[in-house]
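Remember, predicted model here, so these are calculated numbers, not experimental data. All residue numbers refer to positions in the sequence shown, counting from 1. Every number for a ligand or one of its atoms is a count from 1 in the order of the listing.
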Amino acid sequence: MNLSMSDRAILINAIRDIPDFPKPGIIFKDISTLLSNADAFGVLMRHLHARYSSYDLTHVAGIDARGFIFGAALAQMLGLGFVPIRKKGKLPYTTVSEKYSLEYGVDEVEIHIDAFSGVDKPRVLLIDDLIATGGTAYASANLINKVGAECIEACFIMGLDFLSGQSKLRDLVEVYTVIGVD
Ligand code: AMP
């Protein structure tokens, strides 16, 4: 299921670039303008629904915090449950965690130990708004596998193609980006 050129243009035009946020040299991809645009949000969600309706998934897992928005909406459209993967210290029940490196220092993501319980062979789609270095997504896909599920694909609304994040993640899981950013 390919995104048409006109739909691609609608999505690109709905995402706002904020230079030097949160620090100098970073161009922040602001998806709030896409979310507030019902036509563009609809184009995106229908595209994701069409792509993933044949994947035989059992859950969608979203990465804290923007992955929750797309992930929860998609899970409902597909008739599936949604699982949050959160930054350390936010989930209330027993968690499994995974550390990953940042440019300076380390960060950690967590998932509830029983996130996929009650399903025999959980087949999970991982989703976030953007992949940059891929560290967050790599740790998140590992978490899904650690708690006994299979991460079928990692999906991002945008991929920063000039960074090597996607190729590293592809060693672990299939990767799909709706829009590549040069
Ligand atoms: P990474 O682990 O480097 O792939 O970073 C991915 C996470 O950081 C995602 O949750 C993104 O929301 C956020 N992020 C990284 N770079 C940007 C950017 N240029 N614009 C918006 N969000 C970003």
Side-chain angles (χ1 to χ4, degrees), residues 3 8-37 40-41 43-45 47-48 52 59-75 82-91 95-112 115 124-146 151-182:
L3 192 64
R8 192 183 137 81
I10 288 170
L11 297 185
I12 288 173
N13 290 332
I15 295 163
R16 176 165 62 179
D17 283 0
I18 311 286
D20 299 323
F21 183 89
K23 53 186 182 183
I26 305 276
I27 298 176
F28 190 85
K29 295 288 179 181
D30 178 16
I31 50 101
S32 71
T33 42
L34 186 157
L35 297 172
S36 65
N37 176 335
F41 196 15
V43 162
L44 174 66
M45 295 314 301
H47 171 66
L48 294 177
Y52 289 110
H59 298 80
V60 178
I63 300 177
D64 198 344
R66 289 178 291 267
F68 296 171
I69 303 167
F70 302 107
L74 181 60
F82 173 78
V83 169
I85 293 176
R86 299 215 64 181
K87 297 286 166 61
K88 187 179 172 58
K90 301 285 186 183
L91 287 172
T95 58
V96 175
S97 65
E98 182 87 12
K99 289 193 173 70
Y100 60 97
S101 306
L102 301 172
E103 197 178 353
Y104 302 102
V106 291
D107 216 335
E108 202 165 339
V109 280
E110 296 184 325
I111 195 167
H112 274 149
V124 182
L125 174 72
L126 177 65
I127 191 163
D128 201 2
D129 65 330
L130 183 143
I131 178 166
T133 67
T136 321
Y138 194 90
S140 300
N142 263 333
L143 278 184
I144 291 169
N145 296 333
K146 264 189 180 175
C151 186
I152 302 296
E153 187 158 277
C155 171
F156 305 90
I157 314 313
M158 280 166 288
L160 302 187
D161 290 343
F162 54 89
L163 294 174
S164 61
Q166 290 173 52
S167 63
K168 188 181 166 221
L169 184 60
R170 276 180 217 277
D171 292 342
L172 188 64
V173 64
E174 296 289 327
V175 177
Y176 175 64
T177 57
V178 179
I179 300 164
V181 180
D182 314 309

Would you mind reporting whether Thr177 and Ile131 have side-chain heavy atoms less than 4.5 Å apart? yes
Residue among Ile111, Asp64, Val173, Leu126 satisfying side chain to side chain contact (heavy atoms under 4.5 Å, CB included) with Ser140: Leu126
Nearest heavy-atom approach of Lys168 to Tyr138 is O-CE1, 3.7 Å
Assess whether a salt bridge exists between Lys99 and Asp107, defined as any Lys/Arg side-chain N lying under 4.0 Å from an Asp/Glu carboxylate O. no
Can you say whether the rings of Phe41 and Phe70 are parallel (under 30°), tilted (30 to 60°) or perpendicular (over 60°)? perpendicular
Out of Glu110, Lys146, Glu108, Arg86, which residue meets the side chain to side chain donor-acceptor pair (under 3.5 Å) rule with Ser97? Glu108
Could you list, one pair per line, each nitrogen or oxygen of ligand 1 together with any protein nitrogen or oxygen closer than 3.5 Å, giving atom names and the distance rounded to 0.1 Å?
{"residue": "ligand 1", "atom": "2 (O)", "partner": "Gly135", "partner atom": "N", "Å": "3.4"}
{"residue": "ligand 1", "atom": "2 (O)", "partner": "Thr136", "partner atom": "N", "Å": "3.0"}
{"residue": "ligand 1", "atom": "2 (O)", "partner": "Thr136", "partner atom": "OG1", "Å": "2.5"}
{"residue": "ligand 1", "atom": "3 (O)", "partner": "Thr133", "partner atom": "N", "Å": "2.8"}
{"residue": "ligand 1", "atom": "3 (O)", "partner": "Thr133", "partner atom": "OG1", "Å": "2.5"}
{"residue": "ligand 1", "atom": "4 (O)", "partner": "Ala132", "partner atom": "N", "Å": "2.8"}
{"residue": "ligand 1", "atom": "4 (O)", "partner": "Thr133", "partner atom": "N", "Å": "3.1"}
{"residue": "ligand 1", "atom": "4 (O)", "partner": "Gly134", "partner atom": "N", "Å": "2.7"}
{"residue": "ligand 1", "atom": "10 (O)", "partner": "Asp128", "partner atom": "OD2", "Å": "2.8"}
{"residue": "ligand 1", "atom": "12 (O)", "partner": "Arg66", "partner atom": "NH2", "Å": "2.6"}
{"residue": "ligand 1", "atom": "12 (O)", "partner": "Asp129", "partner atom": "OD1", "Å": "2.7"}
{"residue": "ligand 1", "atom": "12 (O)", "partner": "Asp129", "partner atom": "OD2", "Å": "3.4"}
{"residue": "ligand 1", "atom": "19 (N)", "partner": "Ile27", "partner atom": "O", "Å": "2.9"}
{"residue": "ligand 1", "atom": "20 (N)", "partner": "Lys29", "partner atom": "N", "Å": "2.9"}
{"residue": "ligand 1", "atom": "22 (N)", "partner": "Arg66", "partner atom": "NH2", "Å": "3.4"}

